[in-house]
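Note sheet for the following structure.
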Amino acid sequence: MASDSWALAVDQQEAAVKSISNLQIKEERVKSDTNGVIKTNATAEKTDEEEKEDRAAQSLLNKLIRSNLVDNTNQVEVLQRDPKSPLYSVKSFEELRLKPQLLQGVYAMGFNRPSKIQENALPMMLAEPPQNLIAQSQSGTGKTAAFVLAMLSRVEPAERYPQCLCLSPTYELALQTGKVIEQMGKFHPELKLAYAVRGNKLERGQKISEHIVIGTPGTVLDWCAKLKNCQMLLFSATFEDSVWKFAQKVVPDPNIIKLKREEETLDTIKQYYVLCSNRDEKFQALCNLYGAITIAQAMIFCHTRKTASWLAAELSREGHQVALLSGEMMVEQRAAVIERFREGKEKVLVTTNVCARGIDVEQVSVVINFDLPVDKDGNPDNETYLHRIGRTGRFGKRGLAVNMVDSKHSMNILNRIQEHFNKKIERLDTDDLDEIEKIAN
DNA sequence: AAAAAAT
């Protein structure tokens, strides 16, 4: 991979960068003859009673999601590497003086005005000479479009070698970001994109002629011997302390955009918990909620692959059509499942932390933590919590997050998450159908 | 515990 200059974008970097520095891979591939989608009974004619339940469910959902949209007065900390240089922020894409094909691509995607993070980050990313950036912005606020725009503005399509590298923590996110690159770059017909993901091997001595390489850590390391003369752009919704220190160590002389702690959560996402005493009760509570969560689309997170496949099978047995996605499946299946979910062919996706970060499916209005996110020591995983609930409430939309609590221990975890973000998570009782009716009306 | 590379 010979090149004179580089742009490197790292998305959700706490995961991607950490895995680069800690690559101990023990892969067990599990064979499966399903494509990850579990289907059951085709929907029969609905009875009056079912129609009534549907209306109650819709009403409940509206009630739960309803909240005042807060204005966008973000408390952001912006640090420039050269404090004396003036601080630019742009209010329109025209001000950036992009190549016409690129501006056309931006508008074709339906963006009219830059989002908050784009206003601040774009001038820094496009500055000459190139400057590095470490940037934080809430989930669903346009980080991907920001760094994709920066990458595309640096690409010289006439030159046939890789000029940008984009690193993602998971296969699905790499595919998703690749799609954004293709959409925004569609008026550069010569532009080529290569995926450095599991299964795509580079033959010895094989030259890469694509302009942009996007991939996951292991394969990307395999492809690249070294990176030099490289502008680095790191984006994430969260920067846990140790990651923050690490980011500053590996990115020389960066500009910085950082959120204050109290600004990390989105008030547009209403958070609840459901109190149960064991897994079976959680399952029952989930079934009670099912009508409400399938009004639009929902993602259900489990702690392990095993729980996820168990839950998907149980829901399926109850007659619900759900999709299952976890890292034990083969990549072809994973691509097919996420594609079907995007198209709305399944309304519910049961998954693991593989889908916690970055996945952007606009129709997802509910996130359910069937298991609360905990780290390897059993402590609350606040970052993952924020990423998971951030699968809803994207780009200013409202969203609902429901946490299933099944013990004193998990209640304690939830309380600690609540304290960490200083954000009230309210009790929701799904066992009491009367009460649900009351909330719904 | 999940995810991320091939050996």
Side-chain angles (χ1 to χ4, degrees), chain A residues 1 8 10-30 32 36 165-178 194-206 208 213-225 236 238 240 243 246 279 299-312 324-335 337-338 349-359 367 369-388 390-391 404 406 409-410 413 417:
Chain A
M1 248 199 214
L8 170 68
V10 183
D11 194 12
Q12 311 292 359
Q13 58 70 233
E14 66 274 56
V17 175
K18 263 187 178 170
S19 41
I20 275 204
S21 62
N22 183 25
L23 281 170
Q24 286 287 329
I25 287 108
K26 260 277 163 73
E27 203 59 49
E28 78 279 5
R29 303 220 64 58
V30 178
S32 166
L165 174 65
C166 179
L167 206 48
S168 298
T170 62
Y171 172 71
E172 287 77 8
L173 190 55
L175 296 189
Q176 173 181 291
T177 308
Y195 290 89
V197 295
R198 181 147 54 190
N200 289 356
K201 282 186 74 175
L202 209 57
E203 297 302 321
R204 233 156 63 95
Q206 183 184 344
I208 304 166
V213 174
I214 176 160
T216 44
T219 313
V220 166
L221 272 193
D222 198 36
W223 282 28
C224 320
S236 182
T238 62
E240 184 259 328
V243 178
F246 183 73
R279 194 174 75 167
M299 291 173 75
I300 305 179
F301 288 95
C302 300
H303 190 47
T304 66
R305 300 166 167 187
K306 202 175 148 197
T307 308
S309 71
W310 168 83
L311 181 59
L324 170 66
L325 179 49
S326 84
E328 71 186 3
M329 291 154 49
M330 289 183 302
V331 286
E332 297 79 9
Q333 281 187 6
R334 291 169 58 169
V337 170
I338 196 79
L349 181 67
V350 180
T351 188
T352 63
N353 279 345
V354 68
C355 286
R357 291 161 190 263
I359 296 302
V367 167
N369 286 320
F370 191 78
D371 299 312
L372 297 178
V374 291
D375 64 18
K376 60 179 173 12
D377 305 315
N379 290 315
D381 186 344
N382 298 311
E383 288 68 43
T384 300
Y385 180 84
L386 202 64
H387 284 285
R388 280 185 182 181
R391 293 320 93 218
M404 316 287 270
D406 63 1
H409 177 247
S410 61
I413 302 279
I417 291 173

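Basis for what follows: all heavy atoms, side chains included, without hydrogens, waters or symmetry-related copies. Protein chains get the first letters and strands the later ones, always in sequence-line order, with residue 1 at the start of each. Every value quoted in this text rests on a predicted model; they were computed, and no experiment measured them.
- Here B/dA6 is the nucleotide among B/dA6, B/dA3, B/dA1 with the atom lying nearest to any side-chain atom of A/K201.
- Residue A/M330 contributes atom CE, which lies 15 Å from atom P of B/dA3 at whole-angstrom precision.
- Taking 4.0 angstrom as the limit, A/R334 places a side-chain polar atom (N or O) nearer than this to OP1 or OP2 of B/dA4.
- Counting all heavy atoms, side chain and backbone alike, A/R334 lies closest to A/E172 at NE-OE2, 2.6 Å.
- Each of A/V197 and A/T304 lies near DNA chain B, and the nucleotide nearest A/T304 is the one positioned closer to the 5' end.
- Nucleic acid contact class of A/G199 (heavy atoms, under 4.0 Å, all strands): sugar-phosphate only.
- In this structure the side chain of A/T219 never reaches within 4.5 angstrom of the side chain of A/Y195, judged on heavy atoms.
- Dashed line: the shortest gap from a side-chain N or O of A/T352 to OP1 or OP2 of B/dA3 is under 4.0 Å.
- Straight-line distance from the CG atom of A/D375 to the P atom of B/dA3: 16 Å, rounded to whole Å.
- Proximity of A/T216 to the phosphate of B/dA5: a side-chain N or O atom is located under 4.0 Å from OP1 or OP2.
- Within the structure, a side-chain polar atom (N or O) of A/T219 is placed less than 4.0 Å from OP1 or OP2 of B/dA6.
- Partners of A/D371 by salt bridge (Lys or Arg N to Asp or Glu O under 4.0 Å), not counting sequence neighbours, listed by chain and number: A/K282.
- Straight-line distance from the OH atom of A/Y385 to the C1' atom of B/dA1: 19 Å, rounded to whole Å.
- One interatomic measurement links the two molecules: CG of A/D377 to C1' of B/dA1, which rounds to 11 Å at whole-angstrom precision.
- A heavy-atom distance below 4.5 Å is not found between the side chains of A/V354 and A/Y171.
- For the pair A/R305 and B/dA1, the criterion of a side-chain N or O lying under 4.0 Å from OP1 or OP2 is not met.
- In the set B/dA1, B/dA3, B/dA4, B/dA3 carries the atom at the smallest distance from any side-chain atom of A/S326.
- Counting to the nearest Å, the P atom of B/dA2 and the CG atom of A/L372 are 16 Å from each other.
- Taking the side chain of A/H303 as heavy atoms from C-beta on, and the options B/dA6, B/dA3, B/dA1, the nearest nucleotide is B/dA1.
- In this structure, A/E203 places its CD atom 13 Å from P of B/dA6, rounding to the nearest Å.
- Whole-Å rounding puts the A/E328 CD to B/dA1 C1' distance at 13 Å.
- Going from atom CZ of A/R388 over to atom C1' of B/dA2 covers 10 Å, rounded to whole Å.
- With sequence neighbours excluded, the residues forming a side-chain contact (heavy atoms from CB on, under 4.5 Å) with A/T384 are A/N353, A/A356, A/R357, A/P373, A/D381, A/R388, listed by chain and number.
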